[in-house]
Amino acid sequence: MTKQYYLSFDAGTQSVKVAVYDENMECIVQVSNQTTLTYPQAGWVDMNANEYLALTKLGMKQCVRQLNERGIDPGLIKVIMGDGIICGIVGIDENGQAITPYINYLDSRTQSDAAMLQDLKFEIWGKETGNAEPLCMFPALHARWLLTHNKEFQTKGRKFVHNAPYILLNLAGLKSADAFIDWGSMSGWGLGYNVYEKEWSDAQLSILEINKIYMPKIVKPWDIIGTLSAEAACETGLPEGISICAGAGDTMQSMLGSGVFEANKAVDVAGTCAMFCVSTNGIIPELSRKGSGLIFNSGTLENTYFYWGFVRTGGLALRWFKDSICQQAGNDHYYETLSQGAAKVTPGCNDVIFLPYLTGGYDEFSSVKGCFLNMTLDTNQFVLWRAVLEAIAYDYREITDTYRQSGIKIDRITITEGGSRDPLWNQIKADVMNSETITLETASGAVRTNAIIAACAVDENRDLMEMLTNNLKITNTYIPKQENFEIYKQQSEKQKDLLHKLGR
């Protein structure tokens, strides 16, 4: 019997990962290429949708080269599926080409618009989406900004799409009339849709002054939206005609890859935007209230839902410290060096405090920026690195407390994505949140999960839940240390007090 392979990609904030999996969901080859973020004004963060497309094609070409070197025929790849950022959009023209910057959750240019919409106090936000108030990170607000300020979109714009659909659309050679979004990523818009009905909300779009003609059609993640075009095949070395799935949201796929198939499971998606997620059976009023700081989304699978809180520059702060402070850009091994040194630093970092808001704070702390405090002549890069890790964990603690106050029990947290590879940070999180933390054999759960769904999309004999369950294997468990919990509790209170003083 001829073997089959599945190509998967993850279009994240800091990189595009591309991998090929076999029928047993073993990774055969994989590559990663770094993205570019630009900061045209204070609080603005621009990216390029065509760079995402180019990096995906480059990764595919690199995987093809590795397959050939191993004597594996790339023609055996049966289907392509990818995931991307759930809070971020780009405007495209009639031909499906990007004509605006790609704006994502790191951007704060819509702060004043968010405040204006919050003042309207519409109950429909929470009722239909589970999100009680507009936030500047929502694509719905990015769309309003582009409609108002981007002249090219005003004259040539046809649709708004997320980054993974943009990549998939172009790999298939489709145009804007075929623009799509899967039903989970749709909820990444924050506003403008009905989360239970999985459809755009005419009433909300009217309030937002976004014409429905700009919205992509809603599909299922496993729907086949097209096949690899002749042009994309030539650029990547893959054969023309490979089936292409609609794709999914990165957070949704990370949760699935972490074994979250039912309610009351906690997952730390330790990526660029450090996200702490808890699955539910639907909207919980205590969590979907104004000021909770939580966002509600629907999952990849039907009738699955979850809340998440976030530190917008969580993972990005780590990259900033390594690249800009330690001058180790391009040397990802230096993360390990930093954590090995930081493991020797006393918990609490001798009162050194870091505020991780390098792209600006949010809500009542919108005026706060990143900084280090209480440094002495004994402070070195290892102390500062631990302070960065602890600071992000303190924001996690705030989110955890919110969940627990609503009655959700959190006694085990699955840590996934890039941050899960750091044992020191995993232990810090266990101590700060006073909860057992675990890591899985597959840290980048989203990439393999894409391959699993892709396999099931083209082979009806595959059982999705069985494959997802077989994908799980715990590799490490971290038990909270009570003495450290007490230290971190005091330090987190100091950080909170500092935030309130700076936010005045």
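Positions are given from 1 along the sequence.
Side-chain contact between Asn50 and Gln97: present, with at least one pair of heavy atoms (C-beta onward) separated by less than 4.5 Å. Residues Met465 and Leu301 form a side-chain contact, since some pair of their non-hydrogen atoms from C-beta on lies under 4.5 Å apart. Looking only at side-chain heavy atoms (C-beta outward), Leu171 and Met60 come within less than 4.5 Å of each other. At least one side-chain heavy atom of Lys429 sits less than 4.5 Å from a side-chain heavy atom of Asp268. Looking only at side-chain heavy atoms (C-beta outward), Leu147 and Ile210 come within less than 4.5 Å of each other. Using a 4.5 Å cut-off on side-chain heavy atoms (C-beta onward), Asp422 and Leu389 make contact. A 4.5 Å side-chain heavy-atom check between Val195 and Phe296 finds at least one atom pair inside the cut-off. Residues Pro101 and Asn150 form a side-chain contact, since some pair of their non-hydrogen atoms from C-beta on lies under 4.5 Å apart.
A distance-only check finds a donor-acceptor pair linking the side chain of Tyr403 to the backbone of Phe276 [under 3.5 Å]. Judged by distance alone, the side chain of Trp308 and the main-chain N or O of Val278 form no donor-acceptor pair under 3.5 Å. Checking side-chain atoms of Thr155 against main-chain N and O of Lys151 turns up a donor-acceptor pair under 3.5 Å. Remark: the backbone N or O of Ala232 is paired with a side-chain donor or acceptor of Ser229 at under 3.5 angstrom. Between the side chain of Gln253 and the main chain of Ala446, no donor-acceptor pair closer than 3.5 Å is present. In this structure, the side chain of Ser8 engages the main chain of Val447 through a donor-acceptor pair within 3.5 Å. Between the Gln111 side chain and the Cys136 main chain, no donor and acceptor come within less than 3.5 Å of each other. Asn194 places no side-chain N or O within 3.5 Å of a backbone atom of Glu199 that could act as its donor or acceptor partner. Put simply, the side chain of Ser176 never gets that close to the backbone of Arg158: no donor and acceptor are under 3.5 Å apart. Of the possible polar contacts, none joining the Ser201 side chain to the Gly192 backbone as a donor-acceptor pair under 3.5 Å is found.
Pro480 and Asp431 make their closest contact through CA-OD1, 3.4 Å (heavy atoms, listed as atom of the first residue, atom of the second, distance). The two residues Arg144 and Leu117 come nearest to each other via the heavy atoms NE-CD1, 3.8 Å. Heavy atoms only, all atoms of each residue included: Ile85 and Asn104 are closest at CD1-ND2, 4.1 Å. Taking every heavy atom of both residues into account, Leu208 and Ala140 meet most closely at CD1-CB, 4.1 Å. Annotation for Ile124 and Ile207: closest pair CG2-CD1, 4.0 Å, computed over non-hydrogen atoms. Annotation for Ala393 and Val432: closest pair O-CG1, 3.4 Å, computed over non-hydrogen atoms.
Between Lys220 and Asp182 there is no salt bridge, since no side-chain nitrogen of the basic residue lies less than 4.0 Å from a carboxylate oxygen of the acidic one. A salt bridge links Glu398 with Lys496; the closest basic N to acidic carboxylate O contact falls under 4.0 Å. Contact check on Lys17 versus Asp250 returns no salt bridge, with no Lys/Arg side-chain nitrogen under 4.0 Å from an Asp/Glu carboxylate oxygen.
Taking the six-membered ring where the residue is Trp, Tyr305 and Tyr196 present perpendicular rings, their angle passing 60° and hence far from 30°.
Distance CG/Asp223 to SG/Cys245: 8.5 Å, rounded to 0.5 Å. The CD1 atom of Ile224 sits 9.0 Å away from atom CD1 of Ile244, with the distance rounded to the nearest 0.5 Å. Between Leu464 atom CG and Glu466 atom CD the span is 10.5 Å, to the nearest 0.5 Å. Of the inter-residue distances, the one linking Leu502 atom CG with Leu355 atom CG reads 6.5 Å to the nearest 0.5 angstrom. Atoms CD1 and CE, from Ile103 and Met47 in turn, are 12.0 Å apart once rounded to the nearest 0.5 Å. Between atom CG of residue Asn170 and atom CD1 of residue Ile92 there is a gap of 8.0 Å, rounded to the nearest 0.5 Å.
For the 3.5 Å distance criterion, the side chains of Glu51 and Thr35 fail to qualify, holding no donor opposite an acceptor. For the residue pair Thr13/Tyr105, the side-chain donor-acceptor check at 3.5 Å is satisfied. A donor atom on one side chain and an acceptor atom on the other are found under 3.5 Å apart for Arg319 and Gln34. For the residue pair Tyr102 and Asp46, no side-chain donor N or O sits within less than 3.5 Å of a side-chain acceptor on the partner. The closest side-chain donor-acceptor pair between Asp113 and Trp145, if any, does not fall under 3.5 angstrom. Under the 3.5 Å distance criterion, with hydrogens and angles disregarded, a donor-acceptor pair is assigned to the side chains of Gln491 and Lys494. A donor-acceptor pair shorter than 3.5 Å can be found between the side chains of Tyr307 and Ser288. For the 3.5 Å distance criterion, the side chains of His142 and Trp189 fail to qualify, holding no donor opposite an acceptor.
Within a 6.0 Å sphere centred on CG of Asn281, other residues, nucleotides and ligands contribute 12 heavy atoms or fewer. Shown here is Gln14, whose CD atom has more than 12 heavy atoms of other residues, nucleotides or ligands within 6.0 Å.
Residues satisfying the salt bridge (Lys or Arg N to Asp or Glu O under 4.0 Å) criterion with Asp459, sequence neighbours excluded, are Arg462. Every residue meeting the side chain to side chain contact (heavy atoms under 4.5 Å, CB included) condition with Lys409, not counting sequence neighbours, appears here in chain and number order: Asp411. Taking Ile474 as the reference, Arg412, Ile438, Leu440, Thr477 meet the side chain to side chain contact (heavy atoms under 4.5 Å, CB included) condition, with sequence neighbours excluded.
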* Chi angles and distances behind the side-chain contact (heavy atoms from CB on, under 4.5 Å) call for Leu135, Ile295 -> CA-CA 9 Å; Leu135 299 177; Ile295 296 168; 4.0 Å; yes
* Residues Thr227, Ile242; criterion side-chain contact (heavy atoms from CB on, under 4.5 Å); working and verdict -> CA-CA 5 Å; Thr227 59; Ile242 298 176; over 6 Å; no
* To do: Determine, step by step, whether Arg397 and Glu390 satisfy the salt bridge (Lys or Arg N to Asp or Glu O under 4.0 Å) criterion, reporting the C-alpha distance in whole Å, the side-chain angles of both residues, the deciding distance to 0.1 Å, and the verdict.
  => CA-CA 10 Å; Arg397 179 176 179 266; Glu390 291 180 352; over 6 Å; no
* Asked: Stepwise, does the ring-ring contact (aromatic ring centres under 6.0 Å, His included) test hold for Tyr52 with Tyr166?
  -> CA-CA 9 Å; Tyr52 270 118; Tyr166 181 77; 9.1 Å; no
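No option in Ile452, Asn450, Ile453 other than Ile453 meets the side chain to side chain contact (heavy atoms under 4.5 Å, CB included) test with Leu256.
Contacts classified as salt bridge (charged side-chain N to carboxylate O under 4.0 Å, His left out) and involving residues 83-103 (residues at least two apart or in different chains) are not found.
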For residues 212-219, tabulate all N or O donor-acceptor pairs below 3.5 Å that involve a side-chain atom, not counting sequence neighbours.
unit_1	atom_1	unit_2	atom_2	d
Lys212	NZ	Asp202	OD1	3.1

When the side chains of residues 257-267 are checked against the rest of the protein, which donor-acceptor pairs come out under 3.5 Å, sequence neighbours left out?
unit_1	atom_1	unit_2	atom_2	d
Ser258	OG	Ser254	O	2.8

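Lys127 forms no cation-pi arrangement with Trp125, by the criterion of a distance under 6.0 Å to the ring centre and an angle within 45° of the ring axis.
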